[in-house]
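This report refers to the structure that appears directly beneath it.
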Amino acid sequence: MNDLCACIFRQDELYDIWAKHSGMKPSTVTVLYMLDQFSEMTQGGIAQMCLLPKQTIHTVVQELEQAGYLEKVSVSGRKEKPLCLTESGKRYTADKLGGLYRAEERAAAAMGAEQFAMMVEMTRKFTDSFEKEIRNGA
């Protein structure tokens, strides 16, 4: 478990290092990454999934919204509006995160497609089992 956790924390650190080398705040990279991967998410959803304070996400969202890179989608009956990238935001994200995506792809390719797929599947299985244990009051 120590090795697994150390790897996960190291990966988080590497994303932060990449962001800083790219002249971006790690929290900005996180919001752009999440909206690029999942198309539409709420601020609360991003904060929860990425374990970041809601205020941090709110600040980044305001900056990106003012720059014209994202917009809040109005959905009746929902208190929290989903966020999505604008067309300008999609181009900005592709430009800004392209290097990160290429680094991820090269790292995965270095493992080999089969080993990478096995790692993802095993990590998913462990996470699902761990969630059951935690939610059942372990």
What distance separates [X] [atom1] from [Y] [atom2], expressed to the nearest 0.5 Å?
| X | Y | atom1 | atom2 | result |
| --- | --- | --- | --- | --- |
| Gln55 | Ser27 | CD | OG | 11.0 Å |
| Met34 | Ile57 | CE | CD1 | 9.0 Å |
| Arg124 | Met122 | CZ | CE | 10.0 Å |
| Arg106 | Glu104 | CZ | CD | 10.5 Å |
| Met119 | Cys7 | CE | SG | 9.5 Å |
| Glu13 | Arg10 | CD | CZ | 4.5 Å |

Test side chain to side chain contact (heavy atoms under 4.5 Å, CB included) on Trp18 and Leu97; report intermediate values, then the result.
CA-CA 10 Å; Trp18 183 90; Leu97 299 188; 4.0 Å; yes
For a quick test of reading the model, state the closest non-hydrogen atom pair linking [X] to [Y] and the distance between them.
| X | Y | value |
| --- | --- | --- |
| Lys96 | Ser22 | NZ-O, 4.4 Å |
| Gly68 | Thr86 | O-OG1, 2.6 Å |
| Lys20 | Pro26 | CE-CG, 4.1 Å |
| His58 | Gln43 | CA-OE1, 3.1 Å |
| Thr42 | Leu83 | C-CD1, 4.4 Å |

Would you check if [X] and [Y] make a side-chain contact, meaning some heavy-atom pair closer than 4.5 Å?
| X | Y | result |
| --- | --- | --- |
| Glu131 | Thr127 | no |
| Leu52 | Ile46 | no |
| Tyr15 | Leu100 | yes |

Indicate if [X] and [Y] have the same hydrophobic cluster label, given that clusters are the connected sets of ILVMFWY residues with side-chain heavy-atom separations under 4.5 angstrom.
| X | Y | value |
| --- | --- | --- |
| Met118 | Phe126 | no |
| Ile17 | Met24 | no |
| Met49 | Ile8 | no |
| Val73 | Leu64 | no |
| Leu14 | Phe9 | no |

How about [atom1] on [X], more than 12 heavy atoms from neighbouring residues, nucleotides or ligands closer than 6.0 Å, or not?
| X | atom1 | answer |
| --- | --- | --- |
| Phe130 | CZ | no |
| Asp128 | CG | yes |
| Glu40 | CD | yes |
| Glu114 | CD | no |

Any Lys/Arg nitrogen of Glu105 or Arg102 sitting under 4.0 Å from an Asp/Glu carboxylate oxygen of the other?
no
Check step by step if side chain to side chain contact (heavy atoms under 4.5 Å, CB included) holds for Leu35 and Met41.
CA-CA 7 Å; Leu35 291 174; Met41 292 186 76; 4.2 Å; yes
Donor-acceptor pair, distance only, cut-off 3.5 Å: does the side chain of Thr93 make one with the backbone of Leu32?
no
Donor-acceptor under 3.5 Å (Glu80 side chain, Gly44 main chain):
yes
